[in-house]
Amino acid sequence: MDKIINYVLQLAQGNFSQILDFPDTKDKITSIRVALNLLTEELRESAMYSNFVPFDREPEPHSSIIYIINEHGKIDFVNQYGISELDNLDNKLIGTDFSSLLSRDSQEEWERILAKMTIPDATIDTVVTLGIVTREDQVRNRIYTLYKPKGMNIIIISLKSSARNLTHWIIPDSDHTKIKLRPEDKLMLMEVKKYLNDNLDQSFMSLKKMAEIFGTNEFRIKSGFKILFDIPISTYFHQKKLRMTTAMIIESDLPISTIVYKMGYKSLTQFYNTFNDKFGIPPGQYRKLYKKQ
Amino acid sequence: MKLTTSIPYVTFKEKDNILLIKFTKNKSISLIMAKEIVMERARLQLDRELPILCDARKIKYVDKAARDYFANEGSLFIKALAILAEPPIANILARHYLETYKPAIPTKIFAKKSEAWAFLKNTLNDKNQ
């Protein structure tokens, strides 16, 4: 029980980096541990959306060093924040090429930075925005500090200005925030998100119609969604739609045209272009490759 | 009818157009395992949309990535879902899943297999679903 109390106190301080271990027993104490782990995972994800701010002091970065990259561009170290941010499939980030975790746009920037590793005595001390691709194939832009100490062939990556990312929740910033989201707005936006998830086989509903259904205005939906989920609402919908369509292509042997129309795409050509842009190959070939694996 | 699978911790059976998935060992389900299970289910269903009875009584834990996957890609081709769960652990996991994800397909938690079966049979008979 002491362990559980200490754990809850850590959660209360905003530390979501740990998970309780629990035995194979099925008693009430174990069930409390399970429930706390569920809570931690959900809080962790919420905190990444900047939903958590300690109100009694300046928000602090979740962590200092997130990644350490070696001279070959591979990850030598990653902390719990980095693992959570990517929701890494099987915690096998060590040894992974860091570039493979980035969006295409950011990969070029990263390669330029990495090239400095080959220059003797070069140092890197810069702040850069990199797009991290999450497990939902969404690109989240993060502001990182990159530091290469002189004489060492590593790059230390830490989260820069996470305080800034978080403060827009409670401190209006004319550069950053046009609206402040009230608790009822957040609830409404969660319902909007659920509505989108439940209607991926439809066309994207107009913001005007959405606003009517959810009893708000278009601006609050559009801006609020972006602030809360860190992604524009239409981008979220189309990325999710593509992801579910891709899953259906992989999981079934239905003709691709059937799947495409079932998922509400208006034209096969439009879908093929979208798919090709994302994966670099047509859906039929993708299906064959995936099933072969 | 028992269906053959290579996954060691799960069994699949089909009866009266209902697919029964049973977890046989105390396992914590990760995303990789979730994908494995869903792919196997899809393979056995042969593109049919079926009601599913998931016997989750032996599941130890399901991590966030796996839960998210089950709720999204993992819910394709499911007509209705009955989760067999007993207190305390499996029941907490099942309730969390239901209350957090609020799945669009009819989903309920049961302690008795007979009641779960009856629920799923109803969905087969319901022409509106």
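The figures here come from the full heavy-atom set of this structure, side chains too, leaving out hydrogens, waters and symmetry mates. Below, chains carry the letters A, B, ... as their sequence lines are ordered, and counting in each starts from 1.
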Minimum-distance pair of heavy atoms, taken over all atoms of B:Arg67 and B:Tyr97
O-CE1, 4.0 Å

Residue pair B:Arg57 / B:Ala90: nearest heavy atoms and the distance that separates them
CA-CB, 4.1 Å

Checked A:Asp198, A:Leu254, A:Thr246, A:Leu38 vs chain B; the most non-hydrogen pairs under 4.5 Å come from A:Leu38

Does B:Lys25 reach the main-chain N or O of B:Lys58 with its side chain, forming a donor-acceptor pair under 3.5 Å?
no

Under the 6.0 Å and 45° cation-pi test, does A:Lys74 pair with A:Phe98?
no

A:Lys26 versus chain B, heavy atoms under 4.5 Å apart: side chain, backbone, both or neither?
both

More than 12 heavy atoms of other residues, nucleotides or ligands under 6.0 Å from NZ of B:Lys13: is that the case?
no

Proximity breakdown for A:Asp27 and chain B, heavy-atom pairs closer than 4.5 Å:
backbone

Please classify the contact of A:Leu200 with chain B as side chain, backbone, both or neither, using a heavy-atom distance under 4.5 Å.
neither

Examine whether an atom of B:Arg48 lies under 4.5 Å from a heavy atom of chain A, and if so say whether it belongs to the side chain, the backbone or both; otherwise answer neither.
neither

